[in-house]
Visitor: 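What follows is a structure written as structure tokens; I'll ask about it next.
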Amino acid sequence: MAGKHKGLESLIRLSDAALNERRRELNQIEAREDEIKRLLDELEAEKRREQALSRELEAGAYAYSGYARGTIERRKALERQLEQLQPLLEEARDALAQAFQELKRYEIALDLRKKADKAEADRKATEALDEISLNMHRRRQAAAAAE
């Protein structure tokens, strides 16, 4: 019976591979997003350290303004990168959901076909048993009538 459903089983394997590929793509984009967020957190921690240092040192107040401008630009660049990732994340999540739905469709179709095949096999087995029982009944009636 497995050969009977070979086409659907092949589609399921292909869909499963496609689903795994979509997962890998999404994981890569999410890893990049996490990296950018980590860089933003590090930048914020560095900014706090520099602020504290600039308060302690007399010349630090003068140097801090240039540092602050650079930090603001770095943060804006990281935030832009993060914003640019959002549509990619949406697309990757949609592609993953579609791949999952496609795989489930094929799995459900295979399951339904297997159930229909089993029901057909059960029906044929029942018909064969009914035929045997009917023949046995006819033989008994013929034997009883012959006596």
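Because only heavy atoms are used, hydrogens play no part in the values below, and waters and symmetry mates are left out as well, while side chains stay in. Here the structure is a predicted model, which means the values were calculated and not measured.
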Visitor: Look at Glu35 together with Arg38 and state whether they make a salt bridge at an N to O cut-off of under 4.0 Å.
Guide: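 A salt bridge links Glu35 with Arg38.
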Visitor: Mind checking what makes ring pair (Phe, Tyr, Trp, His ring centres under 6.0 Å) contact with Phe100, not counting sequence neighbours?
Guide: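 Phe100 satisfies ring pair (Phe, Tyr, Trp, His ring centres under 6.0 Å) with no other residue.
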Visitor: Residues two or more places apart in sequence or in another chain: which of them pass side chain to side chain donor-acceptor pair (under 3.5 Å) with Glu21?
Guide: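 Testing Glu21 for side chain to side chain donor-acceptor pair (under 3.5 Å), a comparison that skips the adjacent residues, returns Arg24.
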Visitor: Is the shortest side-chain heavy-atom distance between Met136 and Arg140 below 4.5 Å?
Guide: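 A side-chain contact under 4.5 Å exists here.
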Visitor: Any salt bridge between Glu33 and Lys37, counting N to O under 4.0 Å?
Guide: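 Lys37 and Glu33: salt-bridged.
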Visitor: Between Lys47 and Glu50, is there a side-chain N and carboxylate O pair less than 4.0 Å apart?
Guide: no
Visitor: Under a 3.5 Å cutoff, is there a donor and acceptor pairing between the side chains of Arg13 and Ser10?
Guide: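 Yes, because at least one side-chain N or O of Arg13 sits under 3.5 Å from a partner of the opposite role on Ser10.
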Visitor: Are any of the side-chain nitrogens in Asp117 or Arg113 under 4.0 Å away from the carboxylate oxygens of its partner?
Guide: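 The answer is no: the pair does not qualify as a salt bridge.
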Visitor: Any heavy-atom pair between the side chains of Lys4 and Lys114 that's under 4.5 Å?
Guide: no
Visitor: Check Arg22 with Glu25, please: is the shortest side-chain N to carboxylate O separation under 4.0 Å?
Guide: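 So Glu25 pairs with Arg22 through a salt bridge.
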Visitor: Please identify which of these residues, Arg139, Arg138, His137, meets the side chain to side chain donor-acceptor pair (under 3.5 Å) condition with Gln141.
Guide: His137
Visitor: Would you check if the side chain of Asn27 reaches a backbone N or O of Arg23 as a donor-acceptor pair within less than 3.5 Å?
Guide: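 It does hold such a pair.
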Visitor: Please determine whether a side-chain nitrogen of the Lys or Arg among Glu9 and Lys6 lies less than 4.0 Å from a carboxylate oxygen of the Asp or Glu.
Guide: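 No.
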Visitor: Salt bridge or not for Lys115 and Asp111, using N-O below 4.0 Å?
Guide: yes
Visitor: Any salt bridge between Glu131 and Lys124, counting N to O under 4.0 Å?
Guide: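 Not counted as a salt bridge, because no side-chain N and carboxylate O are separated by less than 4.0 Å.
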Visitor: Testing the basics here: between Leu88 and Ile29, what is the closest heavy-atom pair and its distance to 0.1 Å?
Guide: O-CD1, 3.7 Å
Visitor: Using side-chain heavy atoms (C-beta onward) and a distance below 4.5 Å, is Leu78 in contact with Leu82?
Guide: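 Sidechains of Leu82 and Leu78: no contact.
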